[in-house]
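Naming: A, B, ... by sequence-line order, numbering from 1 per chain.
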Amino acid sequence: MQPYNKHQSIAALMNRSNVDTDQIIPKQFLKKVERSGFGIHLFHDWRYNEDGSKNADFELNKPAFKGAKILVVGDNFGCGSSREHAPWAIEDYGFNTIISTSYADIFYNNCFKNSILPIIATKKQLADLMGEISANEGVSFTVDLEKQQLTTPAGNGFTFEIDPFRKENLAKGLDDIGLTLLQTDAIDQYEAKHKQNFPWLWA
Amino acid sequence: MKKTMYEKIWDSHFVVEAPGQAPLLYVDRHLMHEVTSPQAFEGLRLANRKVRNPHSILATMDHCVPTKDRDLPIADPIAKKQIETMADNCQENGLNLYDMKNPNNGVIHIVVPEHGFVHPGMIVVCGDSHTATHGAFGALAFGIGTSEVEHVMATQTLPQKKSKTMLIQIDGELSKYASAKDIALAITGKIGTAGGTGYVIEYAGEAITKLSMEGRMTLCNMAIEAGARAGLVAPDQKTYDYLKGREFVPSGENWDKALAYWKSLPTDKGAEYDTTITLNAANIEPQVTWGTSPEQVTGVTSIIPAPEDFDDEIKRQACENALNYMGLKAHTKITDIAVDLIFIGSCTNGRIEDFRIAADIAKGTKVADNVTAIAVPGSYHVKKQAEDEGLDKVFIDAGWEWRDPGCSMCLAMNGDELTVGQRSASTSNRNFEGRQGKGGRTHLVSPAMAAAAASAGHFVDIRNL
Ligand code: SF4
C-alpha cells in the first residue's frame with residue numbers, strides 16, 4: 001500500500017447526504033475480477049448522460065475540481081453494500097481523502113485498506129468547509145495525517161480524531177495481513193484452545 | 001461481570017492484541033460469493049499465501065446467475081468469467097462450493113442456514129453486508145470488504161474494534177399479516193439508515209421470541225439497513241429445533257456439548273447496553289417505502305410526506321430528491337401507488353415461509369393487467385419444498401413467473417431488472433436509485449404486501465383482505 005503523506009490539494013464538493021455504494025459504483029461494474037480500473041465508473045449514473053457523454057451538471061465534472069484529491073461530502077457516506085469496489089473506484093479516480101460527518105461502518109473500514117483517509121468532521125466544521133469551497137471553487141486544503149490536522153486558506157481547518165493503529169498503518173502503508181501474520185504463534189495457540197472448547201467444530 | 005451476548009462472543013473469540021494494533025478476533029465461518037471474492041484470491045496468489053482453514057468456508061454463486069434457462073451458457077461474457085473464476089478459485093483451494101447447477105445452490109444467506117453451517121456463538125463473516133442475517137442464530141455475523149476476505153482466508157482472524165451495543169426491545173403482538181419485514185422497515189424508519197452505525201443490535205422482547213427462525217433471519221438481515229453491522233437474537237428452543245439434524249450440525253455427544261454452550265450465550269440479566277430502543281409490535285402496520293432510502297418508509301394507511309413535513313434540512317432535501325426520482329407527488333395515498341412489477345425473493349424474503357404467505361394471498365387471484373410478477377426462490381431447496389407443497393402451481397395459475405434461485409432483481413446484476421421509470425413492489429432490502437435497474441423505482445414491502453399488489457395493480461392494506 002501507498003504510505004499516506006502530508007499533501008495540499010484541491011477539495012471537491014459534493015453536497016449530498018446518504019450517498020450509498022450503489023451510487024458510488026453501480027452494480028453493472030462489479031462483475032470484473034480485477035482490482036483496478038474502477039475510477040472511470042465512479043458515480044457513473046450521475047456522472048454520465050444516457051449517451052455516455054459527461055453530465056455537465058454533476059459536481060465532480062466541474063473544471064475547478066479537476067485533479068482534486070479531497071472529496072467533501074454530506075452525512076452518512078458509503079452506506080449500503082460491503083463492496084470494496086467503492087473505495088477502489090474512489091482511489092482509482094484520484095481521491096485519497098474524504099471529509100464527512102459520518103460513514104457507514106464497512107465503508108469506513110474499507111477506506112483504510114486502500115490508502116484513503118476518511119476524516120470525520122462535526123456538522124459545523126463540515127458546513128464551514130462546504131461554504132469555503134462554494135465561495136472559492138478550486139480551493140486547496142492541506143491534510144497532515146501525522147498531526148491529525150486539516151488546514152484551509154480561510155481558516156476552517158481543525159484537528160481530527162483517528163484510531164492510533166489505523167493512523168500508523170495508513171501513514172506507513174502497512175499491509176494488514178503481514179502485520180497479523182506476525183501473530184501466527186498467538187493464532188496457533190488460540191486455535192488449539194478453540195479445538196478443546198468447541199470440539200464439535202473440528203470433528 | 002454481567003455480559004451481553006455480544007460481549008460473550010467477543011471474549012470467546014479474542015486472540016491477541018498486539019501493541020499499537022487492533023484486537024484480533026478468530027473467525028469460525030467464512031461465507032463467499034462470486035462478486036466480492038475474486039480480487040481476494042488474486043491477492044493471496046500474488047503474495048504466495050494459502051487459505052488457512054478451507055473447512056471454515058462455504059461458497060455459492062448467486063449474484064450473477066440467470067434465474068431462467070440456466071442450461072444455456074451465460075450470455076454476459078464478464079459475468080461468465082466471474083462465475084468461472086469462482087469455480088477455479090474454489091477448486092484450487094479445496095473449498096466447498098455450491099455452483100450454479102448444484103442442487104444446494106442459492107443465495108448465500110439462504111443456503112448457509114439450510115445446511116446448519118452457522119451455529120449460535122460463532123463469528124461469521126462474508127464479503128456481503130447482509131451477512132447480518134445469521135445473527136438470527138445468535139452468531140456474531142457481519143459483512144466485510146474484499147481486503148478483509150483475503151485477510152480472513154490467510155489468517156482466520158480479523159482486526160476489530162469493539163462495537164457499542166443497542167437493545168431493540170419489541171413487545172406486544174404483531175397484527176395479522178404484519179411480519180418481520182415490517183418490523184425491520186419500521187425500525188429503519190424510526191432510527192434512520194445511520195441510526196445503528198457503530199452498534200451491534202440485539203433484538204429482544206415478546207414479538208421477537210414469537211418470530212419463526214425465518215422471520216428472525218429477515219429481521220437480522222436488515223440490521224445493516226439501519227446502519228448496524230450486525231443484529232443478534234438470543235438462541236432458544238426454536239433455534240435448536242431448527243438446527244437439529246442439519247448437515248453441519250453436530251450430533252450425539254457433540255450435540256450435547258454444543259447445546260450446553262449455546263445455552264450459555266444469552267445476555268446476562270442486568271447486563272447493560274449502550275442504547276435501548278423500544279417499539280410496540282401492535283403499532284406496526286404493513287410498511288411501504290416511498291423513497292430512495294430504506295428509512296423513507298411509512299405505514300400502508302399513510303400518505304407520502306412532503307419535503308415541508310421535515311424539520312431537518314437534509315431530510316427535506318432527501319425527500320424532494322426521492323419524490324423526483326420516484327415520480328411521486330407528496331401527499332399521495334400509499335394505496336394509490338400503481339406498480340408495474342412484483343418481485344418476491346432475495347436473502348431478505350426468499351424463504352419457504354415467504355412463499356407460503358404470498359401464495360396464500362395469490363391463491364385464486366390473477367396478476368393485474370400490465371403487471372409482471374416474478375417469484376424467485378432463495379435456493380433450490382426452497383424451490384423444491386415450495387413445489388412439493390404445490391405453491392408453484394398457485395403462482396403460475398395466478399399468472400406469476402416461477403424462477404430458479406438467485407439474487408435476481410434484488411440488485412439486478414444478472415439481467416433481471418427494471419427499465420427506466422418502471423415501478424416495483426419488491427421484497428428485497430434496498431431501494432437506492434438504480435438498485436433494480438437504472439431509472440427503476442423500488443418500493444420495499446413484505447411478501448404478503450407484494451402478493452396483494454400483484455393482483456390489485458397497486459398497494460392494498462392486506463389486513464382488509
Ligand atoms: S439477495 Fe440481494 S442483498 Fe441478498 S446477497 Fe443477493 S444481492 Fe445481496
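- Here the side chains of A/Trp46 and A/Leu60 are not in contact, with every heavy-atom distance at 4.5 Å or above.
- In this structure, chain A has no heavy atom under 4.5 Å from any part of B/Ala318.
- Only the side chain of B/Ile314 comes within less than 4.5 Å of a heavy atom of chain A; its backbone N, CA, C and O stay farther away.
- When each of B/Glu42, B/Lys257, B/Lys438 is scored by its heavy-atom pairs under 4.5 Å with chain A, the top score falls to B/Lys438.
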Candidate pair A/Ile40 and A/Tyr48, rule side chain to side chain contact (heavy atoms under 4.5 Å, CB included), full reasoning: CA-CA 10 Å; A/Ile40 48 166; A/Tyr48 301 106; 4.3 Å; yes
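- With a threshold of 4.5 angstrom between heavy atoms, A/Asn15 does not approach chain B through any atom at all.
- Only the side chain of A/Gln23 comes within contact range of chain B, with at least one heavy atom under 4.5 Å from a heavy atom of that chain.
- Contacts between A/Ser102 and chain B at a heavy-atom distance below 4.5 Å are absent for every atom of the residue.
- Contact of A/Leu182 with chain B is not made at all, since no heavy-atom distance falls under 4.5 Å.
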A/Gln183 and B/Thr157: CA distance, side-chain angles, deciding distance, side chain to side chain contact (heavy atoms under 4.5 Å, CB included) verdict: CA-CA 10 Å; A/Gln183 303 300 324; B/Thr157 64; over 6 Å; no
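- With chain A as partner, the option from B/Pro38, B/Ser147, B/Gly143 having the largest number of non-hydrogen pairs under 4.5 angstrom is B/Ser147.
- Most heavy-atom pairs under 4.5 Å with chain A, from the set B/Val149, B/Thr193, B/Ile224, B/Thr36: that is B/Thr193.
- Using a 4.5 Å cut-off between heavy atoms, B/Arg435 touches chain A through backbone and side chain atoms alike.
- For the set B/Arg52, B/Arg29, B/His63, B/Glu34, the count of heavy-atom pairs under 4.5 angstrom toward chain A peaks at B/Arg52.
- More than 12 non-hydrogen atoms from other residues, nucleotides or ligands lie less than 6.0 angstrom from CD of B/Glu17.
- Highest contact tally toward chain B, considering only A/Ile106, A/Asn110, A/Thr21, is held by A/Ile106 [criterion: heavy-atom pairs under 4.5 Å].
- Here the side chains of A/Phe38 and A/Arg83 are not in contact, with every heavy-atom distance at 4.5 Å or above.
- Taking the side chain as every heavy atom from C-beta outward, B/Thr197 and A/Asp105 approach each other to under 4.5 Å.
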Worked verdict on B/Phe432 versus B/Thr442 for side chain to side chain contact (heavy atoms under 4.5 Å, CB included): CA-CA 8 Å; B/Phe432 298 148; B/Thr442 303; over 6 Å; no
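- In this structure, chain A has a heavy atom under 4.5 Å from the side chain of B/Leu24, while its backbone stays farther away.
- Ranked by heavy-atom pairs shorter than 4.5 Å toward chain A, the options B/Val35, B/Leu158, B/Val249 are led by B/Val35.
- Counting only heavy atoms from C-beta outward, the side chains of B/Pro294 and B/Asn431 approach each other to under 4.5 Å.
- B/Met86 does not touch chain A: none of its heavy atoms, backbone or side chain, sits under 4.5 Å away.
- Heavy-atom distances place the side chain of B/Asn53, and not its backbone, under 4.5 Å from chain A.
- Neither the backbone nor the side chain of B/Phe248 comes within contact range of chain A, judged by heavy atoms closer than 4.5 Å.
- Of the listed residues (B/Thr155, B/Ile83, B/Thr131), the one with the most heavy-atom contacts under 4.5 Å to chain A is B/Thr155.
- Comparing A/Leu179, A/Val33, A/Asp22 by how many heavy-atom pairs each has under 4.5 Å with chain B, the most go to A/Val33.
- Put simply, the side chain of B/Arg229 reaches to within 4.5 Å of the side chain of A/Asn109, judged on heavy atoms.
- Using a 3.5 Å distance cut-off with no hydrogens or angles, the side chains of B/Thr188 and B/Glu225 do not pair a donor with an acceptor.
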Taking only distance into account, with no hydrogens and no angle test, what donor-acceptor pairs under 3.5 Å do side-chain atoms of residues 193-203 of chain A form with protein atoms, sequence neighbours excluded?
unit_1, atom_1, unit_2, atom_2, d
A/His194, ND1, A/Trp202, NE1, 2.9
A/His194, NE2, B/Asp28, OD1, 2.6

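- Using a 4.5 Å cut-off between heavy atoms, B/Ala47 does not touch chain A at all.
- Looking at heavy atoms from C-beta onward, B/Thr146 lies in side-chain contact with A/Trp88 at the 4.5 angstrom threshold.
- Counting non-hydrogen atoms of other residues, nucleotides and ligands closer than 6.0 Å to NZ of A/Lys31 gives a total above 12.
- Residues of residues 158-178 of chain A placed with any heavy atom under 4.5 Å of a heavy atom in chain B are listed by number as A/Asp163, A/Phe165, A/Arg166, A/Asn169, A/Asp175, A/Asp176, A/Ile177, A/Gly178.
- Pairing each heavy atom of B/Cys126 with each of B/His33, the nearest pair is SG-CD2, 4.5 Å.
- For chain B, the option among A/Leu30, A/Asp20, A/Asn18 with the highest count of heavy-atom pairs below 4.5 Å is A/Asp20.
- Taking the six-membered ring wherever Trp is involved, the centroid distance between the rings of A/Phe29 and A/His85 does not fall below 6.0 Å.
- Between A/Ile24 and A/Phe43 the shortest side-chain heavy-atom distance falls below 4.5 Å.
- Contact of A/Asp185 with chain B is not made at all, since no heavy-atom distance falls under 4.5 Å.
- One side chain, B/Asn321 or B/Gln317, offers a donor N or O that lies under 3.5 Å from an acceptor on the other.
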